[in-house]
Protein chains: 2
Amino acid sequence: MLDSNAPSAALAAPHLDAWFAQPDGSTGEDIESQLLRLGLPRKLVHRKDTLFRPGQSKSALYLVRSGYFKTSLLSEDGREKVTGFRMRGDLLGLDSIGLSHHACEAVALDVGEVIELPHALLSARVPGFQMWLAATMAREIRRDWEWMLATSTLGAEQRVIAFLLDLADRQRALGYSGEQVMLQMTRAEIGNFLALQLETVTRALSHLDVVGLIAVDRREIRILDTGALRAMIAGERGLH
Amino acid sequence: MLDSNAPSAALAAPHLDAWFAQPDGSTGEDIESQLLRLGLPRKLVHRKDTLFRPGQSKSALYLVRSGYFKTSLLSEDGREKVTGFRMRGDLLGLDSIGLSHHACEAVALDVGEVIELPHALLSARVPGFQMWLAATMAREIRRDWEWMLATSTLGAEQRVIAFLLDLADRQRALGYSGEQVMLQMTRAEIGNFLALQLETVTRALSHLDVVGLIAVDRREIRILDTGALRAMIAGERGLH
DNA sequence: CGGATAGTTGAGCCTCGTCAAAAAGCGTGG
DNA sequence: CCACGCTTTTTGACGAGGCTCAACTATCCG
């Protein structure tokens with residue numbers, strides 16, 4: 001649901017445009033594997049480790065190699081908003097490009113590993129890095145907008161469904177089953193992300209379990225009827 | 001409210017990093033005025049003109065020179081979400097960088113003018129363009145997140161206040177008064193953006209008028225007590 | 001084993017959405 | 001210039017979805 005990329009033909013364009021014409025993944029993996037070959041500094045994290053905080057001076061982006069992270073925004077008066085859950089292949093710190101300090105917070109939800117990407121260095125040394133970065137940021141913007149659409153037009157249960165299907169899709173894209181989803185985050189964090197209370201998330205999960213569309217076992221969710229679930233967010237629009 | 005850039009010292013960094021170290025505006029105006037001097041193609045638009053639609057093949061970004069635009073996302077099943085209102089200095093089409101086709105829609109709310117920015121050309125010819133673009137995209141991401149925070153933690157009236165203050169701030173940044181805001185969009189569009197119904201927007205505006213914090217005259221809003229308004233979104237957190 | 005964290009479930013209430021009707025603007029053409 | 005139709009806005013009444021508060025259970029970790 002989350003990526004509305006037109007899966008169109010990659011145009012045979014002059015080299016500079018090569019990137020912009022790419023639908024999504026192909027050249028991306030090129031750049032990504034280039035980055036991996038560069039022997040950039042790696043960093044191991046444990047559950048609840050904070051990778052960076054708002055206001056902290058920023059030196060690099062982080063590319064997630066393994067594990068799960070949440071990024072969140074904090075307001076002065078204590079409100080918090082989880083802006084996304086990140087997994088392998090995602091970039092952390094995109095939002096603070098152009099700033100000398102981080103604007104959001106990134107916390108590990110599990111043990112994991114990230115690679116530091118010093119943009120200045122990479123911009124100079126890796127041809128196409130800038131393009132890749134811009135394309136990645138654009139994808140982040142589209143994701144954000146999709147979720148804005150979801151939270152403002154879908155009811156509580158529909159949002160939870162969209163969340164589960166999104167996780168499943170992303171897991172599938174990484175080579176996992178997609179039938180089974182292990183939630184690395186608390187109900188409260190899911191609720192925060194979806195603009196719901198944790199009790200509402202619980203109730204939605206319980207209800208979907210009762211009607212047999214998913215099987216909930218603690219944080220392990222088995223998706224039993226993808227078709228029906230998809231129909232529930234595409235069909236009747238919005239609340240009601 | 002919307003831009004949480006640290007107004008910190010611009011570090012004396014190696015040239016490549018110059019951009020990333022910039023807090024926000026200074027070098028940006030450099031690039032922007034460079035762009036203006038290039039004699040890039042301009043385009044005049046009328047009220048309700050569509051600059052681009054989802055699926056339409058994309059050739060360039062658009063820099064707003066005058067007028068007001070809304071950008072919105074459309075889902076297959078007809079749901080719509082206004083993703084932002086854009087004015088002078090804003091870029092249209094950022095979200096579809098890396099795609100060959102547009103992912104969202106941009107419509108003029110008034111007569112206006114835009115400049116076409118062909119990224120391939122500019123990336124090659126204007127040094128620092130890529131950096132500027134990345135910084136601009138990052139700012140868009142931060143804005144989006146701020147609004148996600150707002151819509152998920154603030155009550156209806158607070159969201160409307162945040163919206164008015166944001167408009168006022170942006171107008172002030174462009175050299176206008178900031179006391180007076182002319183809404184170029186309908187109540188329905190405001191509501192869509194804020195995840196509210198149009199009736200709720202109307203009620204919020206009416207109420208704020210009654211209590212004397214703003215003066216509503218059709219689409220002309222006069223902000224009478226900025227301090228009190230700011231307190232209402234920073235003070236008591238969220239709903240209730 | 002015991003304290004803390006996380007999740008579940010219930011009951012009541014409140015904000016905001018829904019439906020409806022009317023007023024006010026606004027553009028258009030006679 | 002005014003009449004007409006359309007869009008936009010306002011206001012009211014009502015109901016419901018989800019939030020709040022609260023109690024209880026399960027789980028994790030030292």
Side-chain angles (χ1 to χ4, degrees), chain A residues 46-48 70 79 82 107 109-111 150-164 182-211 214-221 232-233 236-240, chain B residues 46-48 70 79 82 107 109-111 150-164 182-211 214-221 232-233 236-240:
Chain A
H46 308 67
R47 197 172 144 70
K48 297 195 178 178
K70 72 166 178 181
R79 288 175 291 147
V82 174
V107 177
L109 298 172
D110 197 357
V111 293
T151 53
S152 68
T153 60
L154 301 179
E157 195 167 290
Q158 294 176 304
R159 291 182 217 175
V160 173
I161 293 173
F163 180 75
L164 294 176
M182 181 64 166
L183 304 177
Q184 259 77 19
M185 67 296 289
T186 67
R187 307 287 195 259
E189 288 166 331
I190 297 174
N192 185 299
F193 179 64
L194 296 175
L196 296 173
Q197 293 309 113
L198 65 123
E199 296 94 328
T200 307
V201 175
T202 284
R203 276 187 253 271
L205 289 174
S206 298
H207 181 239
L208 292 172
D209 181 300
V210 168
V211 299
I214 65 175
V216 181
D217 173 23
R218 187 129 189 74
R219 291 196 179 178
E220 187 86 31
I221 310 288
M232 287 181 70
I233 53 180
E236 344 99 42
R237 56 182 46 82
L239 329 148
H240 178 63
Chain B
H46 308 69
R47 198 172 143 69
K48 297 195 178 178
K70 70 164 179 183
R79 288 175 290 148
V82 174
V107 177
L109 298 172
D110 197 358
V111 294
T151 54
S152 69
T153 59
L154 300 179
E157 195 167 291
Q158 294 175 304
R159 290 182 218 176
V160 173
I161 294 173
F163 180 75
L164 294 176
M182 181 64 167
L183 304 177
Q184 260 78 17
M185 67 297 288
T186 68
R187 306 287 195 259
E189 288 166 331
I190 297 174
N192 185 300
F193 179 64
L194 295 176
L196 296 173
Q197 292 311 110
L198 66 132
E199 296 93 329
T200 306
V201 174
T202 285
R203 275 187 253 270
L205 289 174
S206 298
H207 181 241
L208 291 172
D209 182 300
V210 168
V211 299
I214 65 176
V216 181
D217 173 23
R218 187 124 191 77
R219 291 197 180 176
E220 187 87 31
I221 311 288
M232 287 181 71
I233 51 180
E236 344 100 44
R237 57 182 45 83
L239 328 147
H240 180 62

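The sequence lines fix the lettering, A, B, ..., with proteins before strands; numbering per chain opens at 1.
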query = Please walk me through it: do A:Met182 and A:Arg218 pass side-chain contact (heavy atoms from CB on, under 4.5 Å)?
reply = CA-CA 9 Å; A:Met182 181 64 166; A:Arg218 187 129 189 74; over 6 Å; no
message = Return whichever of A:Met185 or B:Gln197 has its heavy-atom-nearest nucleotide of DNA chain C closer to the 5' end.
response = A:Met185
Closest listed nucleotide, where the reference is the side chain of [X] and the choices are [options]:
X        : options               : value
B:Arg218 : C:dG7, D:dA13, C:dC26 : C:dC26
A:Arg187 : D:dT10, D:dC21, C:dG7 : C:dG7
A:Glu199 : D:dC21, D:dT8, C:dT8  : D:dC21
B:Thr202 : D:dG18, D:dT11, C:dT8 : D:dT11
B:Arg203 : D:dG12, C:dG7, D:dT20 : D:dG12
A:Thr200 : D:dG18, D:dT8, D:dT10 : D:dG18

Nearest whole angstrom, please: distance from the [atom2] of [N] to the [atom1] of [X].
X        : N      : atom1 : atom2 : answer
B:Asn192 : D:dT8  : CG    : C1'   : 16 Å
B:Leu198 : C:dG17 : CG    : P     : 10 Å
A:Leu196 : C:dT8  : CG    : P     : 15 Å
A:Leu109 : C:dA6  : CG    : C1'   : 14 Å
B:Glu220 : C:dC26 : CD    : P     : 12 Å
A:Gln184 : D:dC28 : CD    : P     : 14 Å
B:Asp217 : D:dT8  : CG    : C1'   : 14 Å
A:Leu183 : C:dA6  : CG    : C1'   : 13 Å

note = When every non-hydrogen atom of B:Phe163 is compared with those of B:Leu183, the smallest separation belongs to CE2-CD2, 4.3 Å
query = So which heavy atom on A:Leu154 is nearest to which on A:Ala162, and how close?
reply = CD1-CB, 4.4 Å
key: Contact under 4.0 Å: A:Arg219 side-chain N or O vs C:dG7 OP1/OP2   = yes
inquiry  = On DNA chain D, does the nearest nucleotide to B:Lys48 precede the nearest nucleotide to B:Ser206 from the 5' side, or the other way round? Give the residue.
reply    = B:Lys48
Name the nucleic acid region contacted by [X], choosing base, sugar-phosphate or nothing; use a 4.0 angstrom heavy-atom cut-off, strictly under.
X        : answer
A:Ala195 : sugar-phosphate
B:Arg47  : nothing
A:Thr186 : sugar-phosphate

inquiry  = When you measure from the side chain of A:Glu220 to the backbone of A:Asp217, do you find a donor-acceptor pair of N or O atoms at a distance under 3.5 Å?
reply    = no
ask   = Just by modelled atom types, is the A:Leu194 backbone N or O under 3.5 Å from a matching donor or acceptor in the A:Arg159 side chain?
value = yes
